[in-house]
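Every chain is numbered from 1 and lettered A, B, ... according to where its sequence line falls, protein lines coming before strand lines.
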Number of protein chains: 2
Amino acid sequence: MFPRHIKFAALAADAVALSFIEGVLNVRLITTQVPAFKGKRALPGALIRPHETADQTVARVLAEKAGIHASYIEQVYTFSRVDRDRRGRVVSVAYIALLTPTELTKVAEREEHTAIWVPVASANRLAYDHDEILAAAVARLQAKVEYTDIIRHLLPKACTLTELQEAYETILKRKLDKRNFRKKLLAQGVLKKTGKHTSGGSFRPAELYAFVPSKGGIIDLI
Amino acid sequence: MFPRHIKFAALAADAVALSFIEGVLNVRLITTQVPAFKGKRALPGALIRPHETADQTVARVLAEKAGIHASYIEQVYTFSRVDRDRRGRVVSVAYIALLTPTELTKVAEREEHTAIWVPVASANRLAYDHDEILAAAVARLQAKVEYTDIIRHLLPKACTLTELQEAYETILKRKLDKRNFRKKLLAQGVLKKTGKHTSGGSFRPAELYAFVPSKGGIIDLI
DNA sequence: GCAAAAGTGTTTGGCATACACCCATGA
DNA sequence: TCATGGGTGTATGCCAAACACTTTTGC
């Protein structure tokens, strides 16, 4: 082990957990109790324990502090500004976590959780440098939505092409052309018809598609 | 500050410093003296000091342990495997650093440096998880070479299109078509003629191009 | 039959690819 | 004049973009 007199920066992991709620991208926030930011909203985070990887810390903090189990977790960036935590020197490894609607329904709303879902657009003036971390996570999501099928981790097992398009439009913050969108997505071969259809509307039922099992060949860590 | 009894994972920064030496991509390695890996090659790295950002740690470690000053430094990924350092719990923020030939000539070869340049292809069986870190850094370089002008940080102020093409080919590990390469690069508008030409060969002199000052609009952190 | 959303094809322009010869120089 | 690397243009295919009407359903 290292000499005991060496001072380390402390190491934490923070999670940007995102999910669609009624078509709006929401982020899971807690209310901090630390004196410096008392009452402010913050991303759920915790110090990395000696026996944990950063990934494991994120999974733990999401479960313990936010009542969440996310199927998709990805490291985004490590924030190390010296004054980012007023309590002392804390470096934070930031993660993005994505929840499908199914996972969203399983969010434990235990009373000890002060966690809430907040639309990303209204999540500002957060504690620490969490505005910056949130922005980085959303930027990562936007970038990856363009060249991977990451969006599957925010959507139900089966959904219509219209729902899919709306999800893309929400994340990318721009309108897409319906015919080109469909052509492109179907050409990618990541979707297959389920044979089922929506029902209940006073209009033509929509074909329900499912993501085919991931090839696993998606480049990460870039 | 945090209660004193809390145990932290220690935090380090490691640098993958890359430069072209005679057309071959080389990485700067040191020889570790720590008992667990004694004599093995490793990336230069150091613990992050309480008053430093990770970026600053990298700049310091490159200067102190590798005699290097790099114009370009970018964070790649944070490695947190529990057993990655046999001495104890150390999480490492990995960076890529790029040196131009000019910076390469300024590398301080002081005798206390055990640092050497090693072709990336022969840099394996490194200490810790540095094989993995090196691979991640090279992957990042390959990815960014495709959609940014990051390669400018590995090249001299002025170079020929052939040299530029060879640099791309070395990094991407594939051959490119000369005419298409030139069309594409010149169309991007990041190069301008210097008006100067190479000389000395028994063949037609080549036009020397320079990178125009960066637009600064390159997306980072993705 | 009408309101509402689902679904569908064609045209166009730009960009990546493939490919082969002439040019300028020094020896 | 020859050997060497520098430099150029055209044809093709694919993919992204633009764009409007028909279909199916419930009421």
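In terms of position along DNA chain D, the nucleotide closest to K183(A) lies nearer the 5' end than the nucleotide closest to the other residue of the pair K183(A) and G200(A). A residue-by-residue look at S202(A) and K193(A) shows that S202(A) has its nearest nucleotide of DNA chain C further toward the 5' end.
Rounded to whole Å, atom P of dT23(D) lies 20 Å from atom CG of L161(A). Taking atom OH of Y209(A) as the reference point, atom P of dA6(C) lies 12 Å away to the nearest angstrom. Distance CG (L186(B)) to C1' (dG9(D)): 14 Å, rounded to an integer number of Å. Protein atom CD of Q188(A) is 18 Å distant from nucleotide atom P of dC14(D), rounded to whole Å. Atoms CG (L191(A)) and P (dG7(C)) sit 12 Å apart, rounded to a whole Å. For the pair L172(A) CG and dA17(D) P, the computed distance is 12 Å after rounding to whole Å. Atom NZ in K175(B) sits about 21 Å away from atom P in dA16(C), given to the nearest Å. Between the CD atom of Q165(B) and the P atom of dT8(D) there is a distance of 13 Å, rounded to whole Å.
Relative to the side chain of K184(B), the nucleotides dG6(D), dA16(C), dG9(C) differ in distance, and dA16(C) lies closest. Of the candidate nucleotides dG5(D), dA17(D), dT25(D), dG5(D) has the atom nearest to the side chain of R204(B). Comparing dA6(C), dT8(D), dG9(C) by their nearest atom to the side chain of R182(B) picks out dT8(D). Between dG7(D), dA6(C), dG6(D), one nucleotide has an atom nearer to the side chain of E207(B) than all others, and that is dG7(D). The side chain of A206(B) sits closest to dG6(D) out of dG6(D), dA27(C), dT25(D). Nearest to the side-chain atoms of K178(B) among the listed nucleotides dG7(D), dT25(D), dA24(C) stands dG7(D).
Within 4.0 Å of T162(A), counting heavy atoms only, lie sugar-phosphate atoms of the nucleic acid but no base atom.
Judged by distance alone with a 3.5 Å cut-off, a donor-acceptor contact links the side chain of R179(B) to the base of dA20(C). A donor and an acceptor atom sit less than 3.5 Å apart, one in the side chain of N180(B) and one in the base of dA18(C).
Put simply, the residue from Y72(A), F20(A), F211(A) that forms a ring pair (Phe, Tyr, Trp, His ring centres under 6.0 Å) with H153(A) is Y72(A).
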Assess whether salt bridge (Lys or Arg N to Asp or Glu O under 4.0 Å) is satisfied between R84(B) and E132(B), documenting all intermediate values. CA-CA 11 Å; R84(B) 56 175 296 285; E132(B) 194 185 345; over 6 Å; no
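E103(A) places a side-chain N or O within 3.5 Å of a backbone atom of T100(A) that can act as its donor or acceptor partner. Judged by distance alone, with hydrogens and angles left aside, the side-chain atoms of R140(A) form a donor-acceptor pair with the main-chain N or O of V76(A) at under 3.5 Å.
Note that CG of L62(B) is 8.0 Å distant from CG of L99(B), once rounded to the nearest 0.5 Å.
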